[in-house]
Structure formats: structure tokens, C-alpha cells
Amino acid sequence: MGEHVLRIWQEGSRDFSTVPGLVWRSAEGECRTNPGPAPLIEDLDALPFPAYDLIDLPSYWRLWSMSIMPPPRRYVSMFTSRGCPYRCIYCHEIFGKRFRAQSPERIVDELEHYVRTYGIKEVEFFDDIFNLHGRRVIEFSELVQRRNLRVSISFPNALRADILTPEVADALVAAGTRESALALETGSPRIQELIQKRLNIPKFLEGVAMLTDRRVFTWGFLMFGFPTETEADMQMTVDVVRKSKLHVVYPWVVTPYPKTKLFDVATRLKPEKMAGLNYAGHDYVVYPCVNLSEVSDKMLKSYLFKSFPVLFANPLRALRIVRDFPRPWSVWRYWEGVLITLTSKKAVQLGQAPSETDGPVINTEQILKC
Ligand code: SF4
């Protein structure tokens, strides 16, 4: 599809109406969606390496990425698969539900290219689900070791904890994994069912332990504010955090994006809250756009921050945080960011529109039309 779009562009036309599934803006400024599904890329190994030579990498290295590690970091990002077979209702479906993946050889060729060409020391994987096939992870790890690629690996997004096995955890660590996000989202089995994430919570706890016992720094993603969520459900999330070996957590407020099943569920269950929902400049902590849960805004805010004291209450966890942070001398910069967020006067302004200086304004009308 990309080639088709570029060919049209090179030929000087701005009419992309023949590209199936493409969302584009016409010369008149109108947002259009072409009919038909965009064709899926089947052979991901055939894709060329991203043209990192066209961008100013050192400028990127000075910015915060999704990793927990503060800049500057000599790193690149990689995306080695498309699609995820799980059906979480808040998630995108950009790549379809069928999992397609690059071979371990293709991944390691690309990684080696970045090491030799740019001297990178770190890599971040952003797949939807890097570890769906354990064999692929193990073969990737063996190749990284055989080629002696000494890079620090981060997964700010890509691992599902309840399908981890000890063999895969060993392989990840042997390849150089130092840090990983692991999504719990909710500790309530009822809400897990509602959102169709269907995370196996006992296995999630085992998966977290597999990585932390191997000294991988883990941070948990939490979501508060799902439709029908009660205080008891929220407390279950905090209880799972307490039981877990997660080093730290990132709690967010649920946002129902257009074109997701969550958006439809929320519109059915909470039509009054969804009417005129304003996404302008929103984020998930300081300016969440809506509270869809059964609890008051005040209580939702309190649960956003309840898991932090739970973390601090365990002295062993505090020791592990200092011991396992990939660059121990920079751990203070992570806590500095958390404290600034927590103590910010602006922290958690539910449903309030930020000022123009707070960020780009998203045109919700346009999103809904596309
Ligand atoms: S497991 Fe992750 S990527 Fe897959 S559907 Fe759920 S949220 Fe999306």
C-alpha cells in the first residue's frame, strides 16, 4: 500500500481514492476514508530497514522516550511484528487481529545494522505482543548472543506477562533485556472480562516475578475508570499491585477513543458523559477527558495515586528499585518526574479543557467523521 501511495505522490497527483482503507485529506481539506480494508503486509521480512539515515538521531537521543530511562540515550526503536490476537476493547485494530512477525534473523540483521552504523547501545521494542511465540524469542536471543551484540533491551510496550515462561524469560535476559512494561490494567476479574483483555492474574503475577527475579526492572500499567467499575474493582487493582513484584507502576485514566469497542460500550452505558466529549489536549493523568466509572471524580483521583504508597510500603521493593534500575545513578530522575506529576497543581483535571499552551488541540469532530 505504501508503494501505491508514494507512486501517486511521485506522479504529482493528490487523489488517493484508489488506495483501499486509506484515510487521507483531500486537496480541499476534507478528511476521507477509502472503502475496503487496507491490504495486510504478509512478508514482514521483505520490508526495508527504516531510513534512520534521514533523521537527526542525536536530537532524538536527547528526548524522553517511552522507556523508563532518562535521556540522553543512544538508542533506536524497533517494531518486529504486526497484529495481536487478543481483543481488548480499548485497543486499536490498525494491524488486524492476525499475528505476523519478522523472523529472528531479520530482527537481528536490523539490530546489527544499527549497532554497526550508529553505535547504538540500547534498543526499544514496540510490538503489540513481542512474545506471542516463545520459540521466536528464544531464537532471537540465541542469534543476538552468537553475533555478540551487546545492547540493552527495553520493552516499553511489547510483552504480555501471563504467557511468559521461564525459558522465554531466560532468553530475554540473555539477549540483554533490562527493563519492561507489563500491562495489568485492572486487577478485577469482572472488569478483565468486560474489557476482554482476559489477563490471567495469577499467571500475570508469575510472569512479573519471572522477570524481576532475573533483575529486569518492571513497571506496571494500570487503568482506572472503566464503565461499571466500582471502588471494589479499583481496590482489587491496588491489591494485585501490592501482591506483585512490580518495581513501579504507571496509573492512567481510561480514555474511550473513537473507533474502539470501548467507545461503543461507553456510549451505550454512559451516553450523558460521552455526549460532547472533549479530547482537546487531553492525556491520561493530568487532563483525563472523562470518568466512566461508578465512583466519584474525587475517588477516581484518589485511586490513581493509591498504588504509589503501596509500592513504598514494602522496603524490599524499595531496595529492588535501587538495585535493578538499569542505570542506578539516574534513578532520581524517574522519581523527580513522578513527584512533579503528583504535586502539580494541575494534576488530574477531569473533563477540563487545558489551555492552548498545554498541548496540541485535537479536533474530535474530524476524528469521528473519518
Ligand atoms: S493484548 Fe495489548 S495489543 Fe493485544 S489487544 Fe490487548 S491491549 Fe491491544
Side-chain angles (χ1 to χ4, degrees), residues 37-38 40-41 44 65-68 77-102 107 124-134 136-137 153-165 168-169 172 177 179-208 210-211 216 218-229 233 237 240-241 244 246 249-266 283-285 288 292:
L40 296 179
I41 300 168
L44 298 186
S65 71
M66 255 179 76
S67 158
I68 208 159
S77 306
M78 290 179 66
F79 212 109
T80 74
S81 62
R82 304 284 187 279
C84 171
Y86 292 93
R87 297 188 178 270
C88 312
I89 64 172
Y90 51 85
C91 190
H92 71 89
E93 284 200 24
I94 297 169
F95 302 125
K97 286 286 145 205
R98 192 160 47 78
F99 182 73
R100 293 145 288 134
Q102 289 177 334
I107 307 171
E124 297 178 357
F125 288 102
F126 281 96
D127 301 44
D128 281 340
I129 184 158
F130 186 87
N131 63 322
L132 186 65
H133 297 150
R136 190 178 81 112
V137 180
I153 297 176
S154 163
F155 288 97
N157 189 51
L159 298 181
R160 183 160 165 132
D162 64 346
I163 58 170
L164 271 174
T165 61
V168 169
L172 287 167
T177 303
E179 49 164 331
S180 178
L182 296 168
L184 166 65
E185 319 301 20
T186 171
S188 159
R190 185 183 71 81
I191 299 290
Q192 281 286 344
E193 201 54 32
L194 174 88
I195 64 174
Q196 293 176 38
K197 186 171 183 77
R198 298 191 172 128
L199 188 77
N200 182 320
I201 291 171
K203 288 214 170 298
F204 169 84
L205 292 169
E206 282 174 26
V208 172
M210 278 176 214
L211 291 182
V216 175
T218 58
W219 67 98
F221 287 147
L222 314 176
M223 293 169 80
F224 291 97
F226 285 107
T228 79
E229 191 174 8
D233 293 313
T237 303
V240 173
V241 170
S244 78
L246 288 166
V249 290
Y250 280 88
W252 318 110
V253 176
V254 172
T255 302
Y257 286 110
K259 308 288 181 187
T260 61
K261 290 193 186 110
L262 175 62
F263 189 90
D264 300 336
V265 170
D283 59 27
Y284 312 104
V285 180
L292 297 169

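Each ligand, and each atom within it, is numbered from 1 in the order the structure gives.
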Quick one: does any side-chain atom of Arg100 pair with a main-chain N or O of Arg98 as donor and acceptor, under 3.5 Å?
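Indeed, once roles are kept as given, a pair shorter than 3.5 Å links the two residues.
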Looking at Thr186, is its backbone amide N or carbonyl O close enough to the side chain of Thr237 to form a donor-acceptor pair, meaning the two atoms are under 3.5 Å apart?
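Side chain of Thr237 to backbone of Thr186: no pair is present.
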Could you walk me through whether Glu124 and Ser65 pass the side-chain hydrogen bond (donor to acceptor under 3.5 Å, both in side chains) check?
CA-CA 9 Å; Glu124 297 178 357; Ser65 71; 2.6 Å; yes
Residues Glu229 and Ser188: side-chain donor-acceptor under 3.5 angstrom:
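Distance-only check fails for Glu229 and Ser188.
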Measure from NZ or CZ of Arg82 to the centre of the six-membered ring of Phe99 and say whether it is under 6.0 Å with the direction within 45° of the ring axis.
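Cation-pi check for Arg82 and Phe99: fails.
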Does the cation-pi check pass for Arg190 over Phe226, that is, NZ or CZ under 6.0 Å from the six-membered ring centre and within 45° of its axis?
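Verdict for Phe226: no cation-pi partner in Arg190.
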Can you find a non-hydrogen atom of Lys97 under 4.0 Å from ligand 1?
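Yes.
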For Asp127 versus Ser81, what's the shortest heavy-atom pair and its separation?
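Heavy-atom minimum between the residues: OD2-OG, 2.7 Å.
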I'd like to check which ligand 1 atoms, numbered from 1 as shown, lie under 4.0 Å from a non-hydrogen atom of Tyr90.
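Counting from 1, the qualifying ligand atoms are 7 (S).
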May I ask you to list the protein N, O or S atoms found at less than 2.8 Å from atom 6 (Fe) of ligand 1?
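Sorted hits: Cys88 SG.
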